Protein chains: 2
Amino acid sequence: MSKKSAPAAAALAALADPTRRQLFERLRSGPRAVGELARGVTVSRPAVSQHLAVLKAAGLVRDTATGTRRVYEIDPKGLAAIRAWLDDMWGGALQNFAADLDKDPAGKEN
Amino acid sequence: MSKKSAPAAAALAALADPTRRQLFERLRSGPRAVGELARGVTVSRPAVSQHLAVLKAAGLVRDTATGTRRVYEIDPKGLAAIRAWLDDMWGGALQNFAADLDKDPAGKEN
DNA sequence: ACCAACGGTCAGCTGTGGCTTACAGTAAGC
DNA sequence: GCTTACTGTAAGCCACAGCTGACCGTTGGT
């Protein structure tokens, strides 16, 4: 249960791209078809397809075929992976700060 | 309270790189000097310096000069930015699922 | 004062990620 | 059955991220 970093890696890499984040954030308001998603972005439709494929591989979105339309929605798996990794990091960071405050109670360096 | 995405973008992009994540994770166990960090990685020392600069710009780490040594430690600012963005995403995802379950009470799709 | 160590910066190369255009496939409507 | 709409895939191009080797400034030791 210590190797949750693997899926988190893909999710982080996927969300590093601005266009991908934009698509992902737009899915917050509900499932959307590819064409509809492509209409709100500056890049072409194929580019959107590729981005969605990356997001899907990272477990961040999930697709459902409906006729010729392909509807994408958020998959919590990827988000959960990031959250788990983040919580793990928080533990280390806090531990680090505990030692820091112990040595330097002022703590004004920034 | 809606534009916390900006700092999160830099933090996500910074943590997308595997080497950078490795360095960051190593800092979990406490502050380390550049040379020490470089010794545990396969890349050269200049590369480590550049990676640390990126992490610092993203608010993920903080440096302290001590003699000729430069000690890096985790800065919670970047982590907090990601967490805020993530929480924002969770809201949308859960809302999405509520509607999903409303339409499909079975909820076995995965 | 000299020397050694540590680390940031520069110049340049290379691999790869993201974009586009063109094409192929499938489902719906008439 | 034919046409139209919607999407994924292939090939290719270009820009940028990441790496290296060399250099420079600074600090500490003797």
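Every chain is numbered from 1, with letters handed out A, B, ... down the list of sequences. FYI, side chains are in, hydrogens and waters are out, and symmetry mates aren't considered; it's all heavy atoms of this structure. The shown structure was predicted, so the numbers you read here are calculated from the model rather than taken from an experiment.
At the phosphate of C:dT20, OP1 or OP2 sits under 4.0 Å from a side-chain N or O atom of A:S44. Under 4.0 angstrom from either OP1 or OP2 of C:dG8 there lies at least one side-chain N or O belonging to B:Y72.
Of all the residues in residues 45-55 of chain B, B:P46, B:S49, B:Q50 reach under 4.0 Å from DNA chain C with at least one non-hydrogen atom. For DNA chain C, the residues of residues 32-39 of chain B within the heavy-atom distance limit of 4.0 Å (strictly under) are B:A33, B:V34, B:G35, sorted by number.
For B:D63, the side chain to side chain donor-acceptor pair (under 3.5 Å) partners two or more places apart in sequence, or in a different chain, are B:K56, B:R70. By the salt bridge (Lys or Arg N to Asp or Glu O under 4.0 Å) test, A:R83 pairs with B:D87, sequence neighbours left out. A search for side-chain contact (heavy atoms from CB on, under 4.5 Å) contacts involving B:T68 returns nothing, not counting sequence neighbours.
Taking each heavy atom of A:A16 and B:A16 in turn, the nearest pair found is CB-CB, 3.5 Å. Taking all atoms of both residues into account, the shortest heavy-atom contact from B:A9 to A:R21 is CB-NH2, 3.3 Å. When all heavy atoms are compared, the tightest approach of B:W85 to B:A8 is CB-CB, 3.7 Å.
Between chain B and DNA chain D, the heavy-atom contact criterion of under 4.0 Å yields a 5' to 3' nucleotide range of D:dG18 to D:dG28.
A chain of hydrophobic side-chain contacts below 4.5 Å, direct or via other Ile, Leu, Val, Met, Phe, Trp or Tyr residues, connects A:W90 to B:Y72.
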Derivation and outcome, side-chain contact (heavy atoms from CB on, under 4.5 Å), residues B:I82 and A:L86
CA-CA 8 Å; B:I82 296 185; A:L86 227 174; 3.5 Å; yes

Do A:L55 and A:L27 pass the side-chain contact (heavy atoms from CB on, under 4.5 Å) test, and can you show the C-alpha distance, the side-chain angles, and the key distance before you say yes or no?
CA-CA 12 Å; A:L55 289 171; A:L27 286 177; 5.7 Å; no

Using residues 33-50 of chain B as the side-chain source, report each donor-acceptor pair under 3.5 Å to any protein atom, sequence neighbours left out, with the distance given to one decimal.
unit_1	atom_1	unit_2	atom_2	d
B:E36	OE2	B:R32	NH1	2.9

Output a table of nitrogen or oxygen pairs between the protein and nucleotides 26-29 of chain C separated by less than 3.5 Å.
none

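Distance CG/B:L23 to NE2/B:H51: 7.0 Å, rounded to 0.5 Å. With rounding to the nearest 0.5 angstrom, the CD atom of B:E73 is 5.0 Å from the CZ atom of B:R62. Atom CG of B:L52 is separated from atom CZ of B:F24 by 11.5 Å, given to the nearest 0.5 angstrom. Note: A:R20 CZ to A:L60 CG = 9.5 Å, rounded to the nearest 0.5 Å.
Over its full length, the helix from C:dA1-D:dT30 to C:dC30-D:dG1 turns its helical axis through 30°, comparing axes from the five pairs at each end and rounding to 10°.
Counting heavy atoms of neighbouring residues, nucleotides and ligands inside a 6.0 Å radius, atom CZ of B:R26 exceeds 12 of them.
The listed nucleotides are C:dC19, C:dG8, C:dG7; the one nearest the side chain of B:R69 is C:dG7.
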